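The next block holds one structure in the form of structure tokens; read it before the comments.
Atoms considered below: every heavy atom in the structure, side chains included; atoms not considered: hydrogens, waters and symmetry mates. Everything numeric in this text was worked out from a predicted model, so none of it was measured. Quick note: residue numbers are just sequence positions, from 1.
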Amino acid sequence: MSPEMIHAGLGWQVASVLIAVSFAASFITAAFGIGGGAVMLAVLASLLPAAAIIPVHGVVQFGSNVGRAGIMLRHVHWATMLPFLAGAVLGVGLGGAVVVQLEPGLIQLAVGGFILWSVYAPPPDFLRRSAAIAGGVSSFLTMFFGGTGPFVAAYVRAQNFGRMQHVATHAALMTAQHLLKSLVFGFLGFAFAEWAIFIAILVAVGFLGTVVGRLVLGRLEDVGFRRILGVILTLLALRLIYAGAMDLWAGGEAAL
């Protein structure tokens, strides 16, 4: 086995950074419910070829969420799974079929604004009542934007679960979404085989981060967990809004 197969041609320095980030990202999500996927996406966007960012992120996050859902399986709220999965199948199918690329800046602004709304205003009825809509919209967006974990977290948060059920259910829903997304990217021709060994390393290290984060989660109270979750969602939403605004600004400047 050549070194290039292990680090996917990225070099040992870049590979080491991504391995460390995989551990930290899984720890953050397991301990506080959300945030790790966005951290991982931001780092991947800085270090990977553009065409590989969303597909690789999807498989790594699938592995991370499988581990988290697996060790918290008894806390999953299963009633949400089937409608979310039905919506997700439709969402990724439509996303994979769209020929015209949506404007990333607009998507980031919209998702960021929606998350802020869900945190600081009464949750909208459709988000509380419809896992299918949450699954469909977030899964469509994930084909273009990648990190829709905060969107799904906003739906789960609206259910007012305890901290264990929140993290477990969010992990199960994201497992389904990332699996479907990865299958669609494979169908569209992305060469996952070239990344397979390195992705397996990231997933294995991420599972260790999940185990450690789960220990931290067990020491939190539900009230404290919700407060931390609200702060993390707010910071992620503001980051999305800032990134979207900068992207649109740069596009406008380039057009002049």
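Both Ile241 and Leu141 are members of a single hydrophobic cluster when ILVMFWY side chains are connected at heavy-atom separations under 4.5 Å. Hydrophobic clustering places Trp12 together with Val14 (ILVMFWY residues linked when any side-chain heavy atoms are closer than 4.5 Å, directly or through intermediates). Tracing side-chain contacts under 4.5 Å through hydrophobic residues (I, L, V, M, F, W, Y), one reaches Val43 starting from Phe198; they form part of the same cluster. The hydrophobic cluster containing Val89 does not contain Leu179, counting ILVMFWY residues as joined when their side-chain heavy atoms lie under 4.5 angstrom apart, directly or transitively. By the rule that hydrophobic residues join a cluster once side-chain heavy atoms approach within less than 4.5 Å of another member, Leu235 and Val152 end up as members of separate clusters.
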| message | If you apply the rule side-chain contact (heavy atoms from CB on, under 4.5 Å), what do you find for Leu238 with Leu116, and how did you get there? | response | CA-CA 8 Å; Leu238 292 176; Leu116 288 178; 4.2 Å; yes

| query | Between Leu73 and Trp78, is a side-chain contact (heavy atoms from CB on, under 4.5 Å) present by the stated rule, with each step listed? | reply | CA-CA 10 Å; Leu73 200 61; Trp78 292 106; 3.6 Å; yes

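Under the 4.5 Å side-chain criterion, counting only non-hydrogen atoms from C-beta, Tyr155 is in contact with Leu173. Residues Val216 and Phe27 have side chains in contact (heavy-atom distance under 4.5 Å, counting atoms from C-beta outward). Annotation: side chain of Val66 is not in contact with side chain of Phe207 (no heavy-atom distance under 4.5 Å). By the 4.5 Å heavy-atom criterion applied to side chains, Val137 and Phe151 are counted as neighbours. Side-chain contact between Leu48 and Leu18 is present, with heavy atoms from C-beta onward closer than 4.5 Å. Side-chain contact check for Met164 versus Leu217: some heavy-atom pair is nearer than 4.5 Å. At a threshold of 4.5 Å between non-hydrogen side-chain atoms, the residues Asp247 and Tyr242 do not count as touching. Inter-residue side-chain proximity for Met72 and His170 is flagged as unmet; no heavy-atom pair is nearer than 4.5 Å.
Shown here for Thr210 and Ser64, the closest heavy-atom pair between the two residues is OG1-O, 4.1 Å. Across Leu208 and Phe23, no two heavy atoms sit closer than the pair C-CE1, 3.7 Å. The two atoms that bring Leu202 and Ser22 nearest to each other are O-OG, 2.6 Å, heavy atoms only. Heavy atoms only, all atoms of each residue included: Leu109 and Ala245 are closest at CD2-N, 3.9 Å. Contact detail for Thr169 and Gln165: the closest heavy-atom pair is OG1-O, 2.7 Å. Residues Thr80 and Ala131 approach most closely at O-CB, 3.7 Å, considering heavy atoms.
In this structure, the side chain of Arg163 engages the main chain of Leu220 through a donor-acceptor pair within 3.5 Å. Between the Ser138 side chain and the Ala134 main chain, a donor and an acceptor come within less than 3.5 Å of each other. Remark: the backbone N or O of Gly209 is not paired with any side-chain donor or acceptor of Ser26 at under 3.5 angstrom. Asn65 places a side-chain N or O within donor-acceptor distance of the main-chain N or O of Gln61, the cut-off being under 3.5 Å. A distance-only check finds no donor-acceptor pair linking the side chain of Ser139 to the backbone of Gly91 [under 3.5 Å].
Separating the CG atom in Leu90 from the CG atom in Leu85 is a distance of 11.5 Å, to the nearest 0.5 Å.
Residue-environment remark: CG (Leu82) stays at or below the threshold of 12 foreign heavy atoms within 6.0 Å.
A perpendicular orientation is assigned to the rings of His178 and His57, their planes being inclined by more than 60° (bins at 30° and 60°).
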